[in-house]
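Note sheet for the following structure.
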Amino acid sequence: MAPKKSTRASTRAADSSTFDVTPKDDDSREEVEVKKPIRGKRSASDSSDKKTKSVPPSIPLFSHWLMKSEPETRLEYGVDVKFGIEDLKALPNQTGCWDGVRNYQARNFMRDMREGHVAFFYHSNCKEPGIAGIMEVVKVAYVDHTQFDKKDVHFDASSKADNPKWSMVDVRYQRMLQRFIPLSELKKYHLKHSATGGPLKSMALFTSARLSVQPLTPEEFQFVLDLETKEPI
DNA sequence: GCCAACGTTGGC
DNA sequence: GCCAACGTTGGC
């Protein structure tokens, strides 16, 4: 049942500069103030979080996401970790679980996802990196079973069954973008917007380049979406 | 294949 | 708690 997901998601990714923070280990996630959108504070995220006081469930700060996965064959311990948007589309119900994320910040963002949230499917570590299509979150975060599977590339011996470290969400393919939006094009806008102001000036793809699951503001999401009907620059 | 950026680990 | 060493991400 599980697609072999974003491997890339695997161990590293983030850059703690922009968002919430550092790899808190496990379940942490307390009271972190996020700078981006305004919105309230983030309170303890999880009722299951033992380290924080119980606080009402936090209101998710974001509802738009970008998730990276590798569309080209690459062997990791002899296993092909390829999982491009076409692979998601080919699954039953065009739905798969986003397993294999092994970075706390990325994991925490997945825990913030809610049903109906939209995410760009980003192709990474390939000939032409960029955004290929759109998917929808159809199941909120739950335990990523691959962490307990010794045969799995993403097995994590440090994670215990009674306190799993890693989570995943289910996503459903929605559609391809009318045209592929290459990273190179997004970068041009990012540079331009950094200089003159504009929606992509703080886009996580550039400010937290290695983060495999990233939030987008509504403005960022809409700007990128609008590119599909515009001429490439 | 290279390597910059940066997250993680573990000694102290 | 610091920080050097190490490992990974992912563009190029």
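Note that the coordinates shown come from a computational prediction; the quantities given were computed from them, not determined experimentally.
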Q | A/R175 with A/E228: basic N within carboxylate O range, under 4.0 Å | A | yes

Q) In whole angstrom, what separates A/K165's NZ from B/dT9's P? A) 7 Å

(Q) Please check: side-chain N/O of A/Q147 versus main-chain N/O of A/W166, any donor-acceptor pairing under 3.5 Å? (A) yes

Q.
Tell me the interatomic distance from A/Q105, atom CD, to B/dA5, atom P, rounded to whole angstroms.
A. 18 Å

**Q.** A/R102-A/S159 side chain donor-acceptor pair, cut-off 3.5 Å
**A.** no

Q) What is the distance, rounded to the nearest whole Å, between atom OH of A/Y122 and atom P of C/dT9? A) 15 Å

Q: Could you provide the dot-bracket string of DNA chain B, using ( ) for intrastrand pairs, [ ] for crossing pairs and | for bases paired to another strand, with Watson-Crick or G-U pairs below 3.5 Å?
A: ||||||||||||

Q. In whole angstroms, how far is the P atom of B/dG1 from the CG atom of A/L75?
A. 13 Å

Q. The side chain of A/R210 lies closest to which of these nucleotides: B/dA5, C/dC12, C/dG11?
A. B/dA5

(Q) Tell me whether A/R74 is salt-bridged to A/E72, with the criterion being a basic N under 4.0 Å from an acidic carboxylate O. (A) no

Q: Can you tell me the distance, in whole Å, between the CZ atom of A/R74 and the P atom of C/dG11?
A: 12 Å

Q: Taking all non-hydrogen atoms of both residues into account, name the closest pair between A/M113 and A/V140 and its distance.
A: O-CG1, 3.6 Å

Q | d(CG, A/L66; P, C/dG10) in whole Å | A | 11 Å

Q: Provide, to the nearest angstrom, the distance between the CG atom belonging to A/L183 and the P atom belonging to C/dT9.
A: 17 Å

Q) How many angstroms lie between CG in A/L216 and CE in A/M203, if you round to the nearest 0.5 Å? A) 4.5 Å

Q) Within less than 4.0 Å of OP1 or OP2 of C/dT9, is there a side-chain N or O belonging to A/K68? A) no

Q.
So, OP1 or OP2 of B/dC6: does either fall under 4.0 Å of a side-chain N or O from A/Y104?
A. no

Q: Between B/dT8, C/dG10, C/dG11, spot the one nearest the side chain of A/S212, thanks.
A: C/dG10

